[in-house]
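Accompanying notes for the structure given below.
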Amino acid sequence: MSAKPLQRLCGRIAIVTASTDGIGFAIAQRLAQEGAKVIISSRKDKNVQEAVSTLSKQGLDVKGLICHVSKAEDRKRLFEVARKSGGLDILVSNAAVNPEAASVLDCSESSWDKIFDVNVKAAFLLAKEALPLLRQSKAGRIIFISSIAGFQPFDLLGAYSVSKTALFGLTKAAAIQLAPDNITVNAVAPGIIRTKFSDVLTSTESAKEEVLSRVPLNRLGTPHDISGAVAFLASDDAAYLTGENIVIAGGMASRL
Ligand code: NAP
């Protein structure tokens with residue numbers, strides 16, 4: 001990053017799930033650069049240790065633990081760490097899976113269940129379980145990481161695309177419910193971002209060319225393209241913004 005990040009999140013405590021790599025890691029880094037204390041997590045201890053070490057060496061205030069978002073006991077530990085750290089102001093629900101490349105009605109039942117378990121049900125449960133802590137915050141924030149595929153389904157990411165559309169509904173409904181608590185709920189829908197998750201879409205020159213033909217800005221996004229918008233949503237600059245979904249997709253079509 002060239003310019004020094006703003007310092008909008010001093011005194012805030014944030015949880016970012018699936019934050020040891022890719023978009024989640026960039027979000028954790030950016031929230032911490034803006035002054036938040038950030039709790040990072042993912043399924044594998046080795047990844048957690050590496051991410052904590054990398055960010056700590058940058059002078060950032062982070063701690064980490066294992067949290068597979070579908071496991072109730074892991075989520076319980078996650079919120080326990082937040083409570084012991086002083087509370088929770090910002091929940092970024094970022095974890096998602098896509099176990100099978102298939103058109104929507106070719107998806108196996110087991111893949112459908114896994115996709116909805118991680119991408120939708122765990123997001124719902126994280127938000128629900130975060131509430132006791134978020135309600136004690138002066139400016140609680142829930143941010144779901146959705147996808148451009150939620151607007152414009154990708155053929156071979158059929159069920160995944162539907163799960164990401166479901167997050168838009170969850171965002172709207174939860175925003176209305178939590179407005180009286182001054183907790184905002186928003187989503188960010190990334191376009192095609194260069195991470196391990198999107199490798200399959202860009203692994204050959206022809207695949208990359210096909211993907212780029214749908215991106216008016218004519219480049220793949222980077223995790224940093226996403227993290228600044230999440231920091232904005234987490235900050236007081238977005239105090240009057242709730243129930244929305246910010247598309248960051250280089251101009252790709254995004255209409256339901
Ligand atoms: P990524 O680079 O593959 O990173 C995945 C991260 O998730 C890793 O830290 C991984 O660590 C963790 N993880 C995976 N399954 C998990 C689980 N069940 N519980 C907790 N952590 C888990 O992925 P990404 O591209 O950054 O994607 C992040 C989010 O952005 C996802 O919601 C994805 O749908 C969305 N998105 C991505 C793109 C894109 O083009 N990349 C586009 C639109 C939306 P461990 O292996 O240690 O668990």
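Keep in mind it's a predicted model, so treat the numbers as computed, not measured. Each ligand, and each atom within it, is numbered from 1 in the order the structure gives.
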Please state whether G191 comes within less than 4.0 angstrom of ligand 1, counting heavy atoms only. yes
Is K164 close enough to touch ligand 1? Criterion: a residue heavy atom under 4.0 Å from a ligand atom. yes
Can the ring centres of F154 and Y160 be said to be less than 6.0 Å apart? no
Is there a donor-acceptor contact under 3.5 Å from the side chain of T202 to the main chain of K208? no
Give the numbers and elements of all ligand 1 atoms closer than 4.0 Å to a heavy atom of I192. 40 (O)
If you count the non-hydrogen atoms of other residues, nucleotides and ligands that lie under 6.0 Å from CZ in R8, is the total more than 12? yes
V69 near ligand 1, heavy-atom distance under 4.0 Å? yes
Examine ligand 1 and decide if any of its atoms is less than 4.0 Å from a heavy atom belonging to F25. no
Going by the atom numbers of ligand 1, which of them fall below 4.0 Å from some non-hydrogen atom of N47? 45 (P), 46 (O), 47 (O)
For ligand 1, which is the ligand I care about here, please tell me if K44 has any N or O atom under 3.5 Å from one of the ligand's N or O atoms. yes
Taking only heavy atoms of I145 into account, list the atoms of ligand 1 that are under 4.0 Å away from them. 29 (C), 30 (O), 32 (O), 35 (C)
Heavy-atom count check: over 12 atoms from other residues, nucleotides or ligands less than 6.0 Å from E109 CD? no
Mind checking whether S146 has a heavy atom under 4.0 Å from ligand 1? yes
Give a yes or no on whether L105 atom CG has more than 12 heavy-atom contacts from other residues, nucleotides or ligands under 6.0 Å away. no
Over 12 non-hydrogen atoms of neighbours within 6.0 angstrom of CD in E73: yes
Measure the distances from the heavy atoms of S70 to every atom of ligand 1 and state whether one is below 4.0 angstrom. no
Kindly state if atom 5 (C) of ligand 1 has a protein heavy atom within a strict 4.0 Å cut-off, that is, under 4.0 Å? no
V97 N/O under 3.5 Å from ligand 1 N/O: no
